[in-house]
Amino acid sequence: MNIRSLFKSEVTRREVLVGGWVIPEPARCVQCGICSFHCPINIDVRRYAWQGEAVKDSHCLTCGECVARCPRGVLSFGHTGLSNVEGG
Amino acid sequence: MRRYVIIGTGVAGFSAAEAIRELDASCRIDMVGDEPHGYYSRPGLAYYLTGELNEAQLYPVGENDFRRLGINRLTAHARSIDAQSHRLGLHDGSSLAFDRLLIATGSLASPLRATGCDAEGVIKLDSLNDARKIIRLAGRARRAVVVGGGITALEIVEGLTARGVKTHYFLRGDRYWSNVLDETESRIVEHRLKEEGVTIHYHTELEEIIVERGRVVAVCTVDQRKIPCEILAVAIGVQPRKKLAEASNIRTERGILVDETLQTSQADVFAAGDVAQVIDPVTGETTLNTLWAPARQQGTVAGKNMAGVTTSYHQQPPLNVTRLASLTTTIVGRVGRGDDLDLHGIARGDSETWRRLPDAFAAQEDFDVNRLRLLVGRQTLLGAIVMGNQTLSRPLHHLVSRNIDITPIRSQLLLPNAPVADIIASFWTEYRTREALCKAETVNSGWR
């Protein structure tokens with residue numbers, strides 16, 4: 001991997017970390033807890049879903065495990081609106 | 001200090017307690033329930049049965065949350081309500097004083113009336129204890145028979161299958177959940193169940209449970225077939241737990257009748273969740289729902305009213321996103337009608353509204369394991385079912401629940417072999433763009 005591609009992958013990662021977060025739709029959630037159970041760093045995603053808040057935990061990797069595992073389509077990625085990453 | 005008593009530890013009761021505490025910091029809140037486990041995710045039991053979750057994960061909140069909310073929990077059976085003296089009688093002869101009372105007792109599985117129904121091996125899926133029992137029995141059972149319909153029957157079928165139990169599913173009629181799903185949808189579910197190894201017996205009714213030494217060993221059907229099994233699971237519907245209200249002169253029909261503020265026929269006594277028969281102020285229809293989201297919303301509305309903030313309950317078109325034979329399925333609005341032979345009244349995870357379909361046209365599209373069916377009214381979509389690919393689930397939920405005018409695409413949707421998914425997707429894109437422009441204009445005009 002050359003330095004340019006390394007830099008590029010870092011930019012991509014930053015885009016995901018800063019530019020998106022996991023957003024719940026509470027009307028679909030039944031608090032089963034599969035999202036929290038599968039979070040690799042033990043964020044209680046279910047609690048955010050109950051409150052109807054984006055998963056704003058600074059440790060969230062936006063890995064998408066909770067989004068993919070939720071059996072009811074409660075979770076999706078959304079834009080934070082915090083970053084304009086055009087041009088890196 | 002005001003005293004609030006909540007009967008029931010489910011989502012309606014918990015939401016009410018949250019709403020009350022937010023409005024009244026100094027009050028006393030007592031939560032009374034039969035179950036020692038307290039507040040857990042009842043829908044989560046399906047995933048506990050399949051092994052996707054462990055038991056500890058079923059509890060959405062911990063001891064700290066109950067302390068923070070100042071909720072006193074009491075495991076007890078509520079016997080009687082004296083609305084005049086504002087006292088709730090408990091099973092041990094003691095009583096609790098209240099200023100406001102909430103009945104959020106939920107619903108219980110309709111019992112099977114057959115000789116042998118008390119035998120070891122006859123199960124239902126109401127509670128955590130039931131799920132534990134199923135898991136325990138599945139550990140040593142080889143064969144099971146499931147009777148009933150709706151979501152719970154499939155939750156049990158899939159839980160048993162996941163645990164390696166050969167499962168026979170009896171249907172009284174010729175297809176699964178006939179008053180909510182159409183024939184194609186029923187066949188998709190049945191086909192997937194068969195692929196998972198489930199044997200479906202159509203036009204089959206249970207006649208007799210054969211018991212030896214207190215345990216189920218087989219069942220006999222009306223047409224005299226004998227099927228050996230160690231488990232007989234029953235999911236023939238649920239009944240709102242309204243006995244307490246009936247015994248206390250509170251008006252009931254199918255559930256406890258409540259007004260728009262969720263107050264019962266007795267002042268200061270409210271009801272919410274599966275047990276409440278709520279009124280739609282627009283149509284005047286009263287409805288039972290056994291869904292999580294309406295129970296939560298009703299709990300919140302009841303809590304606010306109990307704390308003195310007058311709030312009306314507005315029923316949204318009922319939505320459930322569930323799994324039917326491992327296929328994610330969205331059901332919203334009015335999609336079916338009539339009765340289902342496998343269920344008595346309402347099932348769990350169900351709404352009476354789903355079966356109140358007026359005359360409407362259906363637009364539908366099938367692709368691989370996916371299915372999309374829309375119920376098209378004069379100007380709006382009345383309901384929708386999305387099986388498999390859920391891309392259109394949220395858009396359709398929005399279009400149905402907000403009564404969005406679909407006149408521009410109505411005739412296209414009703415053409416034979418219309419590409420329904422594509423039509424909805426492009427309509428949705430245009431609709432969202434229009435909405436965004438309207439919002440921007442509103443903001444701009446605010447600056448002028």
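Order of the sequence lines sets the chain letters (A, B, ...), proteins ahead of strands, with each chain counted from 1. What you see below is based on every heavy atom in this structure, not just the backbone, and it leaves out hydrogens, waters and symmetry mates.
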Please classify the contact of [X] with chain A as side chain, backbone, both or neither, using a heavy-atom distance under 4.5 Å.
{"X": "B/Asn320", "result": "side chain"}
{"X": "B/Tyr59", "result": "backbone"}
{"X": "B/Thr330", "result": "side chain"}
{"X": "B/Leu319", "result": "side chain"}
{"X": "B/Ser393", "result": "both"}
{"X": "B/Arg42", "result": "neither"}

Item to check | Between A/Arg69, A/Glu25, A/His38, the one whose heavy-atom pairs under 4.5 Å with chain B are most numerous | outcome: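 Most heavy-atom pairs under 4.5 Å with chain B: A/Glu25.
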Item to check | Contact leader toward chain B among A/Gly73, A/Pro71, A/Ser76, where contacts are heavy-atom pairs under 4.5 Å | outcome: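 Top option by heavy-atom pairs under 4.5 Å: A/Pro71.
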Item to check | Heavy-atom closest contact (B/Ala293 atom, A/Ala27 atom, distance) | outcome: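 Minimum heavy-atom separation between B/Ala293 and A/Ala27: CB-O, 3.5 Å.
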Item to check | Nearest atoms (heavy-atom pairs only) where B/Gly44 meets A/Cys32 | outcome: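 For B/Gly44 and A/Cys32, the tightest heavy-atom pair comes out as CA-CB, 3.8 Å.
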Item to check | Heavy atoms of other groups near B/Glu22 CD, more than 12 under 6.0 Å | outcome: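 Incorrect, the count does not exceed 12.
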Checklist entry - Does CZ in B/Arg402 sit with more than 12 non-hydrogen atoms of other residues, nucleotides or ligands closer than 6.0 Å? => result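 Incorrect, the count does not exceed 12.
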Item to check | Which portion of A/Arg47 sits near chain B, non-hydrogen atoms under 4.5 angstrom | outcome: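 Side chain only.
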Checklist entry - Is the NZ or CZ atom of A/Arg28 positioned over B/Trp292's six-membered ring, under 6.0 angstrom from the centre and within 45° of the axis? => result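 Cation-pi check for A/Arg28 and B/Trp292: fails.
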Next on the checklist: As an exercise, state the distance from CZ of B/Arg296 to CH2 of A/Trp50, rounded to the nearest 0.5 Å.
Outcome noted: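 Between B/Arg296 CZ and A/Trp50 CH2, I get 4.0 Å after rounding to 0.5 Å.
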Next on the checklist: Closer than 3.5 angstrom, by distance alone: can the side chain of A/Arg46 be matched with the main-chain N or O of B/Gln57 as a donor-acceptor pair?
Outcome noted: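 Checking the backbone N and O of B/Gln57 against the side chain of A/Arg46, a donor-acceptor pair under 3.5 Å is found.
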Checklist entry - Can you tell me if A/Arg72 uses its side chain to pair, donor with acceptor, with the backbone of B/Thr322 under 3.5 Å? => result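 Judged by distance alone, no pair lies under 3.5 Å.
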Next on the checklist: Tell me which of these, B/Leu291, B/Asn54, B/Leu45, has more heavy-atom pairs under 4.5 Å with chain A than the rest.
Outcome noted: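 Between B/Leu291, B/Asn54, B/Leu45, the count favours B/Asn54.
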